[in-house]
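Report on the structure given below.
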Amino acid sequence: MTTLRKILVTSALPYANGPIHIGHLVEYIQTDIWVRFQKLRGHRCIYLCADDTHGTAIMISAKKQGVTEEEFIAGTHEEHQRDFAGFDIEFDNYGSTNSDENRQLCGEIWQKIRAAGLVKEKDIEQLYDPEAGTFLADRFVRGTCPYCKKPDQNGDHCENPKCLKTFEPNELIDPVSTISGATPELRTAKHLFIELEQLHGFLNEWTKSGPLQDEVANYLNGHFLHEPLRDWDISRPAPYFGFEIPDSPGNYWYVWFDAPIGYIASTKQWCDRHGENLDDWWRSDDVEIHHFIGKDITYFHTLFWPAMLKSAGLSLPKKVRIHGFLTVGGKKMSKRDGTFVKAETYLNNLDPSALRYYYAAKLGPRLDDIDLNLQEFVDKVNSDLVGKVVNLASRSAKFVQSVGLSETYPDDGGLFVQGAEAGDLISDAYENCDYARAMRLILECADRANTFVEDAAPWNLRKDESKQQQLQDVCTVALNSFRQIVIYLSPVLPRLADQTAELLNDPIGPGDWDKSKTPLTGTPVAKFKHMMKRVEMKDVEKMIDESKAEAEASEPTASSQYNDSDEALKAEPLADECTIDDFMKVDLRVARVLTAEEVPEARKLIKLTLSLGGDVQKTVFAGIKAAYKPEDLVGRLVVMVANLKPRQMKFGLSEGMVCASGPGGADVFVLGVDEGAVPGQRVH
RNA sequence: GGGGCGGUAGCUCAAUCGGUUAGAGCAGCAAACUCAUAAUUUGUUGGUUGGGGGUUCGAGUCCCUCCCGCCCUACCA
């Protein structure tokens with residue numbers, strides 16, 4: 001018997017700004033499977049989470065809806081819990097960072113950090129939105145890049161692939177607040193900082209001591225730890241939705257200070273309900289703390305958070321388990337494509353067990369992105385779960401419905417023992433978060449069991465009155481194999497475990513892993529009921545269509561109300577007035593793309609040969625590589641500046657420009673013309 | 001600019017320290033079976049492991065170089 005472990009598990013706190021979607025679910029399903037596995041093994045394990053409720057984005061969203069922040073986050077709290085429950089994600093406590101427990105813990109930890117001499121104050125200059133009355137985080141400012149002069153760039157870096165420079169938001173030319181559209185002004189404010197450099201030695205050692213995947217340790221080393229750590233700006237001036245810092249009135253803890261403390265606050269709530277002592281979980285060497293997070297928040301959990309814990313004398317995580325992002329059909333989830341599927345939309349159309357299994361079958365221990373391929377999703381779930389696993393029960397249960405399982409376990413040629421022996425490997429795979437491997441191993445058991453049934457052919461035995469005992473034995477073997485497999489799968493498919501427990505009259509719950517080692521005999525078998533529906537492609541398509549429709553309804557820019565955002569215009573205001581003569585100097589012509597080829601050495605250029613009709617051709621280098629594939633351009637009619645002075649570029653002579661709109665990068669939209677236009681026509 | 005990760009069959013992924021002929025599943029093809037949700041079983045077609053060079057008795061794996069993709073770069077969460 002393995003020693004009992006005491007394990008505390010968290011998933012990242014979902015931001016209370018929006019609904020749970022299938023991308024989030026990768027993490028919660030991954031964590032829930034791990035927790036259920038630990039409980040199945042008989043370990044003491046609690047799973048904690050909470051809504052992350054603070055920060056500027058919440059303020060803006062609440063304001064948009066015309067409610068208070070508290071009302072706003074209460075709404076999401078309900079929704080989130082409902083969605084998680086719908087996917088059988090079972091938290092031991094689901095709290096909120098906007099709780100009394102969290103406020104108090106933040107204060108206690110803050111005092112420890114203060115006492116350790118890690119806090120210092122600095123005045124910093126930051127852009128302020130006078131209309132919205134708030135300081136602006138980088139992402140809420142856009143303007144023209146100070147280096148390459150490209151308009152409408154982010155507050156802290158230029159997206160122009162040729163430039164890519166980083167800068168401070170106040171260096172932007174013509175900055176605009178994306179909250180109000182106002183021109184921000186530079187103001188000075190006092191901020192509090194944590195001097196992380198004091199903990200550099202500790203972090204160096206800790207990151208290399210085993211809590212992290214290798215690539216994460218490498219990344220931290222190559223990216224942060226190779227040079228002095230910068231001070232971490234931990235406060236935000238009012239107005240800010242969060243906790244005011246007790247010893248620094250008017251300043252609030254930055255959301256990334258109070259968010260991870262939310263893990264502890266959630267534990268506190270659980271402890272209070274169960275008469276436990278918080279220190280037994282967060283200041284005890286007996287407890288393993290495991291954080292499951294996405295790769296986007298790596299450094300918060302692997303630098304800042306351990307630094308906080310260390311300074312406050314709290315336990316450090318034993319593992320930070322980092323996973324990649326979800327892509328759908330090989331691309332980022334997209335509202336426009338309907339692949340940004342909310343949990344609720346999924347549940348309206350499909351079985352949560354299907355997604356739990358599919359994710360399990362794709363999740364490895366590393367932080368690679370995982371791809372949801374819809375066709376594969378349908379095929380895999382149907383083939384593995386319905387065709388192989390559930391099939392074992394549905395092809396044998398009804399033969400023994402009246403007699404139950406044999407009193408003694410019959411000779412099965414070693415099938416059950418082989419399955420039991422696989423248990424250790426499966427257990428290791430779960431422990432290491434290599435669910436893909438676990439699923440492969442489990443499916444091998446199912447394959448062997450199906451072959452056994454095939455060879456034993458119970459459908460022939462039942463016809464022969466003298467072979468009824470043999471029939472019962474064969475089905476006893478098949479159903480025991482099925483049960484063994486379901487025990488292995490129960491962290492992934494708790495519903496299937498419950499149904500199997502009912503079928504075979506024997507529960508599968510916490511501590512029951514070892515039931516996979518002993519066959520069940522002499523119990524009645526209930527009437528077989530369908531355990532899982534096949535996934536139908538039409539339901540998947542319906543889900544995608546609904547997601548598309550939701551996106552269109554909520555996306556003002558895409559709606560038929562022409563409720564277009566003013567962002568583009570603000571980012572690039574109208575130019576000075578010009579005369580018709582000025583305009584006529586520019587000779588715009590319709591042109592046909594004859595050839596289009598990528599310029600291999602160029603990051604953003606496509607080389608185009610444009611025809612103006614007859615023999616007149618122009619070569620143009622267009623910066624649209626990130627947005628278009630050459631083959632998609634050939635044959636199209638475009639609008640070009642035909643009398644532009646030719647320009648010698650690194651890759652050849654460019655004899656004009658193709659007209660396009662958009663901020664750049666992948667967001668470039670080449671102008672087309674309506675049906676009927678022909679190359680060479682002038683645009684007036 | 002700096003940094004991290006990756007590229008293996010049509011698709012999704014394996015391959016322990018560098019060690020037999022690079023393996024599975026799905027899809028495809030051929031057959032068997034009819035208990036089961038068009039399920040299952042058997043057989044089978046798919047590969048210059050992104051390109052090039054090197055080290056080695058031996059390279060998907062190590063080194064160099066080039067190409068391609070994804071991600072990160074601390075006052076967004």
Side-chain angles (χ1 to χ4, degrees), chain A residues 12-18 52 54-58 124-127 135-140 154-157 163-166 168-169 189 191 193 196 213-224 226-227 229-237 254-256 259 295-300 303-304 324-325 327 330 332 361-362 364 366-371 373 375-380 382-388 390-399 436-437 439-440 443-444 447 450-455 457-462 471 474-475 478 528 530-534 600:
Chain A
L13 312 186
Y15 200 48
N17 198 22
D52 178 16
H54 292 154
T56 318
I58 299 281
I124 67 161
E125 288 192 317
Q126 201 179 357
L127 291 177
F135 281 94
L136 293 167
D138 293 1
R139 81 176 265 204
F140 296 114
N154 279 322
D156 60 351
H157 73 276
C163 177
L164 290 173
K165 290 215 166 53
T166 57
E168 296 297 316
H191 279 232
F193 291 78
L196 286 172
Q213 288 123 307
D214 288 344
E215 58 266 52
V216 177
N218 291 345
Y219 150 73
L220 294 173
N221 190 46
H223 207 277
F224 298 93
H226 69 293
E227 59 183 9
L229 292 165
R230 282 184 249 164
D231 297 334
W232 182 31
D233 186 349
I234 202 66
S235 74
R236 297 291 180 274
Y254 170 43
V255 41
W256 266 110
K295 64 182 180 182
D296 51 334
I297 53 177
T298 297
Y299 58 73
F300 291 106
L303 295 177
F304 302 168
F325 295 146
T327 57
K332 275 186 187 168
K362 303 278 282 195
R366 318 216 319 137
L367 45 70
D368 303 329
D369 290 350
I370 73 166
D371 185 50
N373 179 302
Q375 185 61 55
E376 189 201 27
F377 169 68
V378 173
D379 291 344
K380 191 156 191 64
N382 289 342
S383 164
D384 288 0
L385 292 186
V386 181
K388 290 177 175 171
V390 173
N391 187 230
L392 273 173
S394 74
R395 71 192 308 197
S396 55
K398 75 170 193 189
F399 294 142
R437 181 172 156 76
M439 296 308 109
R440 274 198 306 278
L443 260 291
E444 281 174 17
D447 284 339
N450 272 308
T451 307
F452 172 88
V453 174
E454 200 72 17
D455 291 344
W459 51 94
N460 289 333
L461 298 174
R462 83 178 160 146
L471 173 64
V474 167
C475 294
F528 181 78
H530 266 211
M531 293 179 159
M532 193 171 282
K533 270 211 316 236
R534 299 178 63 77

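Each chain gets a letter, A, B and so on, in the order the sequences are listed, and its residues count up from 1.
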key: CA sep, side-chain torsions, deciding dist, call: Asp371(A), Lys362(A), salt bridge (Lys or Arg N to Asp or Glu O under 4.0 Å)   = CA-CA 8 Å; Asp371(A) 185 50; Lys362(A) 303 278 282 195; 5.5 Å; no
Please report, rounded to the nearest Å, how far the [atom2] atom of [N] is from the [atom1] atom of [X].
X	N	atom1	atom2	answer
Leu443(A)	rU41(B)	CG	P	10 Å
Leu367(A)	rG4(B)	CG	C1'	9 Å
Glu454(A)	rU40(B)	CD	C1'	5 Å
Asn17(A)	rA77(B)	CG	P	11 Å
Asp296(A)	rA74(B)	CG	P	14 Å
Phe325(A)	rC5(B)	CZ	P	17 Å
Lys332(A)	rC71(B)	NZ	P	5 Å
Ile370(A)	rC11(B)	CD1	P	19 Å

At less than 3.5 Å, do the side-chain atoms of [X] and the base atoms of [N] form a donor-acceptor pair?
X	N	answer
Trp256(A)	rA77(B)	yes
His226(A)	rG3(B)	no
Arg440(A)	rA24(B)	no
Asn391(A)	rA36(B)	yes

For nucleotides [N] and [M], find the distance between their [atom1] atoms and express it as a whole number of Å.
N	M	atom1	answer
rC57(B)	rU20(B)	C1'	14 Å
rU37(B)	rA77(B)	C1'	44 Å
rU41(B)	rG25(B)	P	10 Å
rC68(B)	rA31(B)	P	47 Å
rG47(B)	rU12(B)	C1'	16 Å
rG10(B)	rU45(B)	C1'	12 Å
rU42(B)	rC33(B)	C1'	10 Å
rU8(B)	rG52(B)	P	16 Å

Glycosidic class, syn or anti, of rG46(B) using a 90° window around 0 = syn
request  = Enter syn or anti for the glycosidic conformation of rC17(B), syn applying to angles within 90° of 0.
outcome  = syn
Students often get this wrong, so: under 4.0 angstrom with heavy atoms, is [X] touching a base, only sugar-phosphate, or nothing?
X	result
Met531(A)	base
Phe135(A)	nothing
Asp52(A)	sugar-phosphate
Arg462(A)	sugar-phosphate
Val390(A)	base
Asp214(A)	nothing
Val255(A)	sugar-phosphate

Test your reading of the model: is there a side-chain donor-acceptor pair from [X] to the backbone of [Y], 3.5 Å cut-off?
X	Y	value
Asp369(A)	Phe325(A)	yes
Tyr15(A)	His54(A)	yes
Asp384(A)	Leu443(A)	no

Look at the side chain of [X] and decide which nucleotide, out of [options], has an atom nearest to it.
X	options	value
Asn450(A)	rU37(B), rA27(B), rU40(B)	rU40(B)
Arg366(A)	rC5(B), rA74(B), rA77(B)	rC5(B)
Asn218(A)	rU41(B), rC71(B), rC5(B)	rC5(B)
Tyr15(A)	rC5(B), rA74(B), rA77(B)	rA77(B)
Asp384(A)	rA74(B), rC72(B), rG25(B)	rG25(B)
Glu215(A)	rG4(B), rC75(B), rU37(B)	rG4(B)
Ser394(A)	rU41(B), rA36(B), rA74(B)	rA36(B)
Trp459(A)	rC33(B), rC75(B), rC71(B)	rC33(B)
Gln126(A)	rC75(B), rA77(B), rA74(B)	rC75(B)
Lys362(A)	rC75(B), rC70(B), rC13(B)	rC13(B)

message = Would His530(A) count as stacking on rU37(B) if stacking means ring centres less than 5.5 angstrom apart and planes tilted under 30 degrees?
response = yes
With a 4.5 Å heavy-atom cut-off, do [X] and [Y] have their side chains touching?
X	Y	result
Ile124(A)	Phe193(A)	yes
Arg395(A)	Asn450(A)	yes
Phe452(A)	Val474(A)	yes
Lys295(A)	Gln213(A)	no
Leu367(A)	Val216(A)	yes
Trp459(A)	Val453(A)	yes

ask   = List RNA chain B stems (3 or more consecutive Watson-Crick/G-U pairs, under 3.5 Å)?
value = B:1-7 with B:67-73, B:10-13 with B:23-26, B:28-32 with B:40-44, B:50-54 with B:62-66
inquiry  = Measuring to OP1 and OP2 of rC75(B), would you say a side-chain N or O of Tyr254(A) lies under 4.0 angstrom away?
reply    = yes
ask   = Within the structure, does a side-chain N or O atom of Ser396(A) lie under 4.0 Å from either OP1 or OP2 of rA36(B)?
value = no
ask   = Is it true that Trp256(A) and Phe304(A) have ring centroids separated by less than 6.0 Å?
value = no
request  = Report the residue (Tyr299(A) or Lys398(A)) whose heavy-atom-nearest nucleotide on RNA chain B is the more 5′ of the two.
outcome  = Lys398(A)
